[in-house]
Amino acid sequence: MVQLFGYVDVTDTGFIVAVLSIAFNPLFWNVVARWEHKTRALSQVFGSPHAACYCLGTAILLLNCVRSHCFTEAMKSQPKLEGWDCHWTYYSGLAISAVGTLFVISSFLALGFTGTFLGDYFGILMEEKVTSFPFSVLDNPMYWGSTAIYLGWSLMHASPAGLLLTAVVAISYTIAVLYEGPFTEEIYRRKQKGVKSK
């Protein structure tokens with residue numbers, strides 16, 4: 001990984017913007033969702049928790065589009081690694097992206113829109129923990145599937161800059177999981193406690 005720095009201009013404006021957009025997204029949705037959980041302000045503004053969750057989910061999707069655009073532009077502005085610019089690397093990247101896409105889509109189908117986009121912070125709780133595929137294979141498949149898509153995209157473009165940015169994506173998601181996991185578990189623990197006390 002250290003050798004990649006020799007191929008990447010980390011001071012390039014496009015690279016810096018990509019890093020900032022990658023780091024901003026999970027920070028944004030965690031701060032807004034925690035604020036909503038504490039105040040219910042978005043639910044009051046939009047008239048219902050569902051409408052507020054759909055609004056936040058739409059904002060997250062748009063921010064993800066911006067992040068992907070910044071990621072791609074940063075790759076395009078940096079040199080390729082010539083030894084990787086071949087069919088084998090391209091098709092390996094394509095396969096990794098396909099697996100990542102499978103995890104992202106199947107996660108969304110298993111959780112639904114509100115389950116995917118922090119509905120539990122809005123008080124929209126699922127009946128029980130989802131354990132079907134892809135959650136039967138790994139924890140947080142949406143995050144790791146997204147990371148795999150970026151990894152595959154980087155390999156397809158033989159991009160050292162893309163690989164470094166993928167590492168930033170992985171680090172951002174790891175921090176998000178450490179931050180979100182215990183909080184979400186506490187929400188459901190309180191739900192169970194409330195059910196048992198009735």
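The figures that follow rest on heavy atoms only: side chains count, while hydrogens, waters and symmetry mates do not. The first residue in the sequence is number 1, and the count goes up from there.
Under the ring pair (Phe, Tyr, Trp, His ring centres under 6.0 Å) criterion, Phe135 pairs with no residue, sequence neighbours left out. Here Thr11 pairs with Asp9 under the side-chain contact (heavy atoms from CB on, under 4.5 Å) rule; sequence neighbours left out. For Phe103, the ring pair (Phe, Tyr, Trp, His ring centres under 6.0 Å) partners two or more places apart in sequence, or in a different chain, are Phe133. For Phe28, the ring pair (Phe, Tyr, Trp, His ring centres under 6.0 Å) criterion is met by Phe24, not counting sequence neighbours.
Looking at Ile60 and Asn25, their side chains never come closer than 4.5 Å, going by heavy atoms from C-beta outward. Within the 4.5 Å cutoff, the side chain of Gln78 has no heavy atoms near those of the Tyr7 side chain. Looking at heavy atoms from C-beta onward, Leu94 lies out of side-chain contact with Leu155 at the 4.5 angstrom threshold. In this structure, Thr13 and Val17 have side chains that are in contact, with non-hydrogen atoms separated by less than 4.5 Å. For the pair Val168 and Leu164, the minimum side-chain heavy-atom distance is 4.5 Å or more. In this structure, Leu81 and Thr89 have side chains that are not in contact, with every pair of non-hydrogen atoms separated by 4.5 Å or more.
Under a 3.5 Å cut-off, the side chain of Asn140 and the backbone N or O of Tyr143 do not form any donor-acceptor pair. Between the side chain of Asp12 and the backbone N or O of Ala74 there is no donor-acceptor pair closer than 3.5 Å. Ser154 contributes a side-chain N or O that, together with a main-chain N or O of Gly162, makes up a donor-acceptor pair within less than 3.5 Å. Counting only distance, with no hydrogens or angles, the side chain of Glu36 and the backbone of Leu42 share a donor-acceptor pair below 3.5 Å.
Counting only residues at least two apart or on different chains, the salt bridge (Lys or Arg N to Asp or Glu O under 4.0 Å) pairs with a member in residues 50-75 are Glu73-Lys76. Among residues at least two apart or in separate chains, ring pair (Phe, Tyr, Trp, His ring centres under 6.0 Å) pairs with a member in residues 46-78 are Tyr54-Phe113, Phe71-Tyr150.
Taken from CE in Met156 to OH in Tyr91, the straight-line distance is 9.0 Å, to the nearest 0.5 Å. Rounding to the nearest 0.5 Å gives a distance of 14.0 Å between CG of Leu27 and CD1 of Ile22. Taking CG from Leu63 and OG1 from Thr58, the interatomic distance works out to 11.0 Å, rounded to the nearest 0.5 Å. Here the straight-line distance linking atom CD1 of Ile96 with atom CD1 of Ile149 works out to 12.0 Å at 0.5 Å rounding. To the nearest 0.5 angstrom, Leu165 atom CG is 10.0 Å from Cys70 atom SG. The structure places OG of Ser48 at 12.0 Å from CD of Gln44, a figure rounded to the nearest 0.5 Å.
Cluster membership for Val10 and Leu20, using ILVMFWY side-chain heavy atoms within less than 4.5 angstrom, is not shared. The hydrophobic cluster containing Val137 also contains Phe108, counting ILVMFWY residues as joined when their side-chain heavy atoms lie under 4.5 angstrom apart, directly or transitively. Residues Leu61 and Val32 share a single hydrophobic cluster, defined by chaining ILVMFWY side chains whose heavy atoms lie under 4.5 Å apart. Note: the hydrophobic cluster containing Val169 also contains Leu138 (ILVMFWY, side chain heavy atoms under 4.5 Å, direct or indirect links).
Nearest approach of Val104 to Ser146, heavy atoms of both residues: CG2-N, 3.5 Å. What you find for Thr147 and Ala170 is that their closest heavy atoms are CG2-CB, 4.0 Å. Gly100 and Ala148 make their closest contact through CA-CB, 3.8 Å (heavy atoms, listed as atom of the first residue, atom of the second, distance). Taking every heavy atom of both residues into account, Pro160 and Pro79 meet most closely at CD-O, 3.5 Å. Shortest non-hydrogen contact noted between Ala18 and Ser21 is O-OG, 2.9 Å. The shortest heavy-atom contact between Glu180 and Trp29 is OE2-NE1, 2.9 Å.
Classified by interplanar angle (parallel below 30°, tilted 30° to 60°, perpendicular above 60°), the ring pair Tyr121/His37 is perpendicular.
Tested against Leu118, the residues Thr184, Ile124, Leu56 include a single side chain to side chain contact (heavy atoms under 4.5 Å, CB included) partner, Leu56.
The closest side-chain donor-acceptor pair between Trp153 and Thr72 falls under 3.5 angstrom.
Heavy atoms of other residues, nucleotides or ligands lying less than 6.0 angstrom from CH2 of Trp144 number more than 12.
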